[in-house]
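These notes concern the structure reproduced below.
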There are 2 protein chains.
Amino acid sequence: MSRASTSARPPGRPRSGVNAVVFAATLSTIDELGYARATVDRIAAAAGVAKTTIYRRWPSKGELIVDCLLDAFGPIPLEGAGRAELMSSAVRWIAAKIGEPGVGDAFAGVFSDAVSDPALRVVLSTRLQDRYRLALQDALGEPEHRVLFFIDVVVGTLLHRMGMTGEPMVDADVAALVEMVLPYFADGAGPT
Amino acid sequence: MSRASTSARPPGRPRSGVNAVVFAATLSTIDELGYARATVDRIAAAAGVAKTTIYRRWPSKGELIVDCLLDAFGPIPLEGAGRAELMSSAVRWIAAKIGEPGVGDAFAGVFSDAVSDPALRVVLSTRLQDRYRLALQDALGEPEHRVLFFIDVVVGTLLHRMGMTGEPMVDADVAALVEMVLPYFADGAGPT
DNA sequence: AAGTATCGATACCGAGAGTAGCGTAAGGGG
DNA sequence: CCCCTTACGCTACTCTCGGTATCGATACTT
């Protein structure tokens with residue numbers, strides 16, 4: 001009811017559509033310089049935008065990165081015949097996304113920041129994780145705690161490899177991850 | 001030949017044995033305030049030591065944390081009858097250590113810093129990860145890349161849970177992790 | 001006593017997150 | 001047309017933190 005009215009435009013100068021430009025600049029800057037050196041000033045410069053404009057749209061660097069990741073990931077594609085095919089395609093999709101330039105570093109970086117920032121942790125878990133948790137719960141028919149465990153294993157493993165080596169996980173190891181996860185989550189298996 | 005001579009003591013004032021005090025202060029400060037607010041100044045104050053003394057012994061905050069983690073973890077106990085028992089006890093030991101106050105936060109924090117700091121990444125992977133990788137390779141008779149994958153899965157999963165919730169993984173989920181990992185690494189299994 | 005190296009204290013530098021203030025641009029409605 | 005409202009760019013600023021420099025005092029050896 002608030003902004004759904006077709007043409008109820010708010011007064012004042014309309015926002016220029018720079019969100020997409022800022023997202024692209026964020027990922028490319030992180031890809032080129034790494035997470036720590038990708039300062040807000042540099043991201044703003046790469047986007048051709050004033051730093052204050054970024055802070056008018058996002059309250060903190062962390063939330064900018066989370067929004068950027070939401071944009072980069074998009075909705076998770078959950079097609080596939082059986083459960084096994086569905087889960088393995090989900091794992092491969094997450095691995096592929098994390099392997100895209102800048103995405104893995106951005107994810108690992110904001111994740112690390114969240115360790116010491118409870119507010120950012122809430123943003124990260126509700127805005128990003130819940131989106132895929134709910135989709136997976138729906139598609140797999142698994143209870144919440146099982147899906148959370150699944151996400152911990154898949155994302156945790158991929159990020160740990162990324163953080164330790166600086167490179168995304170190679171296909172052979174992603175295949176190993178699938179082979180490890182699948183039997184545990186096969187129909188009717190598991191302890192709970 | 002350098003310092004092995006029994007009583008070849010170097011000249012000058014000997015170092016006071018404050019390493020243990022600094023390690024304890026580091027973990028307790030991180031436990032109380034979180035990783036980001038655990039500044040070097042605060043750690044020094046908690047240890048009753050000047051900040052400059054810390055920087056005389058460790059070249060950076062990251063290396064201090066790595067040394068602190070090395071001290072907190074100690075050597076991995078690898079006793080156990082069969083392979084399965086050996087692996088499950090290893091997983092539980094790592095989970096327990098990460099659950100100790102301050103240790104998980106410190107680990108996740110320094111891990112995050114390593115994402116943007118290649119030098120710290122080298123320190124982390126050679127000083128900390130290699131220690132347990134070599135012990136596990138020796139005890140399990142697995143090739144390097146399999147043990148690295150094992151570490152990615154176990155540590156990655158535990159740290160992801162810690163980072164997302166702020167709390168270490170509960171025993172039930174650690175048990176699930178064991179049940180997932182064991183069949184994959186059973187004798188003769190696996191793709192490679 | 002002389003020499004050497006550590007410790008504590010204070011002051012400092014540089015970088016980066018985030019904010020304040022101001023003039024200006026881009027739309028609306030009278 | 002002029003006014004109102006909001007967004008934008010710009011500059012300058014504060015604050016925190018990692019890390020460094022300097023100096024006098026201290027501990028231990030020879």
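Values below: all heavy atoms of this structure, side chains included; hydrogens, waters and symmetry mates excluded. In the text below, chain A, chain B and the rest are named by the order of the sequence lines, each starting its count at 1.
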side-chain contact (heavy atoms from CB on, under 4.5 Å) involving B:Pro77 - partner list, sequence neighbours excluded: B:Glu79, B:Trp93
Per-nucleotide protein contact string for nucleotides 12-24 of chain C, where B marks a base within reach and S marks sugar-phosphate only (heavy atoms under 4.0 Å, - for neither): ----SSBBB----
Hey, what are the protein-to-nucleotides 28-30 of chain C N/O distances that come in under 3.5 Å?
unit_1 : atom_1 : unit_2 : atom_2 : d
C:dG28 : OP1    : A:Arg9 : NH1    : 3.4

ring-ring contact (aromatic ring centres under 6.0 Å, His included) partners for B:Phe23, two or more places apart: B:Trp58
Side-chain cluster (under 4.5 Å, hydrophobic types only) that A:Leu148 belongs to, other residues: none
side-chain hydrogen bond (donor to acceptor under 3.5 Å, both in side chains) partners for B:Asp138, two or more places apart: none
Remaining members of the apolar cluster that contains B:Val170, side-chain heavy atoms under 4.5 Å: none
Cationic N near anionic O, under 4.0 Å, A:Arg83 to A:Glu142: yes
Residues which pass side-chain contact (heavy atoms from CB on, under 4.5 Å) with B:Glu85, listed by chain and number, not counting sequence neighbours: B:Ala81
Contacts of type side-chain contact (heavy atoms from CB on, under 4.5 Å), residue A:Leu86, not counting sequence neighbours: A:Leu78, A:Ala139, A:Leu140
Sugar-phosphate, base or nothing in reach of A:Val49, heavy atoms under 4.0 Å: sugar-phosphate
First-last contacting nucleotides on DNA chain D - partner chain A, under 4.0 angstrom, heavy atom: D:dT5 to D:dT11
Show the atom names and distances, to 0.1 Å, of all donor-acceptor pairs under 3.5 Å that link a side chain in residues 153-166 of chain A to residues at least two apart or in another chain.
unit_1   : atom_1 : unit_2   : atom_2 : d
A:Thr157 : OG1    : A:Val153 : O      : 2.6
A:His160 : ND1    : B:Asp152 : OD1    : 2.7
A:Arg161 : NE     : B:Asp152 : OD2    : 2.5
A:Arg161 : NH1    : A:Asp173 : OD2    : 3.1
A:Arg161 : NH2    : B:Asp152 : OD2    : 2.6
A:Thr165 : OG1    : A:Arg161 : O      : 2.8
A:Thr165 : OG1    : A:Glu167 : N      : 3.1
A:Thr165 : OG1    : A:Glu167 : O      : 3.0

Non-neighbouring partners of B:Tyr35 that pass ring-ring contact (aromatic ring centres under 6.0 Å, His included), sequence neighbours left out: none
